[in-house]
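The chains referred to below are lettered A, B, ... by the order of the sequence lines, with proteins before strands, and numbering in each begins at 1.
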Amino acid sequence: MEDITSMDEDFSQWYTDVVLKADLADYSSVRGCMIIKPYGYALWENIQKELDRRFKATGHENVYMPLFIPESLLQKEKDHVEGFAPEVAWVTHGGEEKLTERLCVRPTSETLFCQHFASVVKSYRDLPKLYNQWCSVVRWEKTTRPFLRTMEFLWQEGHTVHATAEEAKEETIRMLNVYAEFCEDFLAIPVIKGKKTDKEKFAGAIETYTIESMMHDGKALQSGTSHNFGDKFARAFNIQYTDRNNQLKYVHETSWGMSTRIIGAVIMVHGDNNGLVLPPKVAPTQLVIIPVSPHKEGVPEKAREVFQRLSGIVRAKIDESDRMPGWKFAEYEMRGVPLRLEIGPRDLEKEQAVLVRRDNREKIIVPLAELESRVPQVLEQLQQSLFEKAKRMMDSRIYTAGSMEELESTAANLPGFIKSMWCGSRECEDLIKDRTGMTSRCIPFEQEKLSDRCVCCGKEAKHMVYWGKAY
RNA sequence: CGGGGUGUGGCUCAGAUGGUAGAGCGCUUGGUUCGGGACCAAGAAGUCGCUGGUUCAAGUCCAGUCACUCCGACCA
């Protein structure tokens, strides 16, 4: 089998090669939609499991809303419908009969949740409602790429209603932090937390918060978002409750989402020219055992014994197929399995096994007796070093610009993010996009005062902003 | 939606000037191998993306269409 395209040569092609050859997904006969294969789906299941655990730990409950939204319902909130109308799929017929009202296939479920909240929230005693749903949504995209942008994608969408604006804002930030910690601790992907500019915020939100991560090619991927709707949707959908003082009040809402797109981030942050590299915490298989010269006496028995001992401790797999060992090494590297254990005749003599790390190919000789303690230890170190490597990569590609000239030349020559001061005007944001191809990624929570002046117009600066080219 | 590229066994591709469909890899079977993608032998596998046209004859020429892919604009 030939190698995958080198990422330095053609990053996009490298990405596609990895998705296909690591056996994560395949193209389907439906334009823009992909088949998520068992290995890719196992990855998603691990992401789901961990996120779901974190949602439950913060008091959320899972629900399920319908796939279809009546047109009249979608129309209720003006900004929302304007944002999504261009990319929804419509159902116009049921069997042979034309429907009296078109149904859209949900691009997101705010409107359905709102209608439901309007019917179940009556009193301050009914609040808050902290809901989440796991589902797929459809957006009629013009160009698609596996995981990064598909017409149908799997995600979770959290929807909550609260009594006060303060509570809604707290929830928005809480869930952004859940996402950020999940990315950093579980996926080993460093993120920048911040707020979206008005131009970039979600259709219908008063504030959108985001975590932005940097891919290997220096481009940004919005990895999770959390929206504060204030009482905008509540007013459009008439979601009111009676408070302790018998006053009728509008609720305050939030929504937040993370999708299978995050798998694209895992690929593009950790992957290398040998294929996928998975952080141990999310890897479907954490350790693969490869018997070497399995026809030699004692080898398969010992390999199975090691497999038995380790499978209670880590997600282990043993490959006893009749492939050449070299083929297996390459194959499991392609699939990003964090740790490989080789065991052959030479090891039997010395009562040892050879561990090989996926990230740096370091070989670690471990006495058989110590495997139970050493394997989890090495996995933990690997998880940690993947995060540190990604963090160094991101930090080393964040530049500062004090003038438009600097912004333009940096954007043209150096992949990565650029931070600069900004006056807050849409005009400057648009101009920067025109001149550099970069959009504002976020107004980070961690502000630095680089200067007093907007990088673009020279007027008084309001914020420091990260700019970047985005997926 | 604009611009470029590509559609031929599972995969990567070859098939000048139209004339009976090819290779390598993979797959199956048997044997030898086995510490970084092994070797030998035998086999199976294609209505040449789809529709129409030109022609005695189309993978090849023409028109249309669909899909994939890359680069822009729009978006999780």
Shortest non-hydrogen separation from A:Cys442 to A:Pro444 and the atoms involved
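That closest heavy-atom pairing would be O-CD, 3.4 Å.
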In whole angstrom, give me the gap between the [atom1] atoms of [N] and [M].
N: B:U6; M: B:G49; atom1: P; value: 14 Å
N: B:U65; M: B:G4; atom1: P; value: 15 Å
N: B:C11; M: B:C68; atom1: C1'; value: 15 Å
N: B:G10; M: B:G26; atom1: C1'; value: 7 Å
N: B:G53; M: B:A58; atom1: C1'; value: 11 Å
N: B:C61; M: B:U54; atom1: C1'; value: 8 Å
N: B:A23; M: B:G9; atom1: C1'; value: 12 Å
N: B:C50; M: B:A67; atom1: P; value: 15 Å

Integer-rounded Å distance: [N] [atom2] and [X] [atom1]:
X: A:Lys21; N: B:C25; atom1: NZ; atom2: P; result: 16 Å
X: A:His295; N: B:G31; atom1: NE2; atom2: P; result: 15 Å
X: A:Glu82; N: B:C75; atom1: CD; atom2: P; result: 13 Å
X: A:Trp327; N: B:C39; atom1: CH2; atom2: C1'; result: 18 Å
X: A:Arg335; N: B:G36; atom1: CZ; atom2: C1'; result: 18 Å
X: A:Leu154; N: B:A76; atom1: CG; atom2: P; result: 18 Å
X: A:Trp134; N: B:A76; atom1: CH2; atom2: C1'; result: 14 Å
X: A:Gln13; N: B:U69; atom1: CD; atom2: P; result: 10 Å

Rounded to the nearest 0.5 Å, what separation is found between the CZ atom of A:Arg441 and the OG1 atom of A:Thr197?
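One gets 9.0 Å once the value is rounded to the nearest 0.5 Å.
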At what distance, to the nearest 0.5 angstrom, does OG of A:Ser321 lie from CH2 of A:Trp327?
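Output value for this atom pair is 6.5 Å.
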When all nucleic acid strands are considered with a 4.0 Å heavy-atom cut-off, which category describes [X]: base, sugar-phosphate, or nothing?
X: A:Asp322; answer: nothing
X: A:Gln222; answer: sugar-phosphate
X: A:Arg145; answer: sugar-phosphate
X: A:Gly344; answer: base
X: A:Val137; answer: nothing
X: A:Glu333; answer: base
X: A:Lys433; answer: sugar-phosphate

Going by the side chain to side chain donor-acceptor pair (under 3.5 Å) test, which pairs reach into residues 35-45 of chain A, not counting sequence neighbours?
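Of all non-adjacent pairs touching residues 35-45 of chain A, those that pass side chain to side chain donor-acceptor pair (under 3.5 Å) are A:Asp23-A:Lys37.
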Qualifying side chain to side chain donor-acceptor pair (under 3.5 Å) pairs, either residue in residues 77-89 of chain A, two or more places apart:
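Applying side chain to side chain donor-acceptor pair (under 3.5 Å) to every pair that reaches into residues 77-89 of chain A, excluding sequence neighbours, yields A:Asp79-A:Lys232.
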As a test of reading the structure: which of [options] is closest to the side chain of [X], going by heavy atoms?
X: A:Pro294; options: B:G36, B:A76, B:C34; value: B:C34
X: A:Glu331; options: B:G35, B:G37, B:C70; value: B:G37
X: A:Glu342; options: B:G35, B:C34, B:G36; value: B:G35
X: A:Thr143; options: B:C1, B:C75, B:A76; value: B:C1
X: A:Arg261; options: B:A38, B:U69, B:A76; value: B:A76
X: A:Arg323; options: B:C27, B:A38, B:C75; value: B:C27
X: A:Lys142; options: B:C34, B:A73, B:C70; value: B:A73
X: A:Ser12; options: B:C71, B:C34, B:G36; value: B:C71
X: A:Val292; options: B:A76, B:G36, B:C34; value: B:C34
X: A:Lys363; options: B:G36, B:G37, B:C34; value: B:G36

Listed partners of [X] passing ring pair (Phe, Tyr, Trp, His ring centres under 6.0 Å), at least two apart:
X: A:Phe11; value: A:Trp14
X: A:His60; value: A:Trp256
X: A:His159; value: A:Phe113
X: A:Phe182; value: A:Phe186

I want to confirm an ordering. Mapping A:Lys201 and A:Gly326 to their closest nucleotides on RNA chain B, which one lands closer to the 5' end?
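Going by which nucleotide is closer to the 5' end, it is A:Gly326.
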Test for a donor-acceptor pair under 3.5 Å between the base of B:C75 and the side chain of A:Arg149, counting only N and O atoms.
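Answer yes: a donor N or O sits under 3.5 Å from an acceptor.
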A:Phe147/A:Tyr15 under ring-ring contact (aromatic ring centres under 6.0 Å, His included): CA gap, chis, key distance, verdict
CA-CA 10 Å; A:Phe147 294 111; A:Tyr15 176 81; 7.6 Å; no
Does A:Tyr27 put a side-chain nitrogen or oxygen below 4.0 Å from OP1 or OP2 of B:U69?
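So the side chain of A:Tyr27 is within the cut-off, an N or O lying under 4.0 Å from OP1 or OP2 of B:U69.
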Look at the rings of A:Trp467 and A:Trp422 and say which category their plane angle falls in: under 30° parallel, 30 to 60° tilted, over 60° perpendicular.
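Taking A:Trp422 first and then A:Trp467, their aromatic rings stand perpendicular (interplane angle over 60°).
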Scan the side chains in residues 348-356 of chain A for donor-acceptor partners under 3.5 Å anywhere in the protein, sequence neighbours excluded, and list what turns up.
residue  : atom : partner  : partner atom : Å
A:Gln352 : NE2  : A:Asp347 : OD1          : 3.1

Base, backbone or nothing for each nucleotide of nucleotides 3-9 of chain B, written B, S, -, heavy atoms under 4.0 angstrom, 5' to 3'?
-------
Would you tabulate the nitrogen or oxygen pairs shorter than 3.5 Å linking the protein to nucleotides 42-44 of chain B?
none

Among residues at least two apart in sequence or on other chains, which ones pass salt bridge (charged side-chain N to carboxylate O under 4.0 Å, His left out) with A:Arg340?
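Partners of A:Arg340 by the salt bridge (charged side-chain N to carboxylate O under 4.0 Å, His left out) criterion, ordered by chain and then number, come out as A:Glu333, A:Glu342.
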Only counting residues at least two apart or in another chain, list the ones meeting salt bridge (charged side-chain N to carboxylate O under 4.0 Å, His left out) with A:Glu171.
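For A:Glu171 the salt bridge (charged side-chain N to carboxylate O under 4.0 Å, His left out) partners, ignoring immediate neighbours, are A:Arg174.
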Check this for me: does any side-chain nitrogen of one of A:Lys49 and A:Asp52 sit under 4.0 Å from a carboxylate oxygen of the other?
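No salt bridge links A:Lys49 with A:Asp52.
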Restricting to nitrogen or oxygen on both sides, can you table the protein-nucleotides 64-67 of chain B pairs closer than 3.5 Å?
none

Syn if the chi torsion is within 90° of 0, anti otherwise; quick check, which is B:A16?
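Syn.
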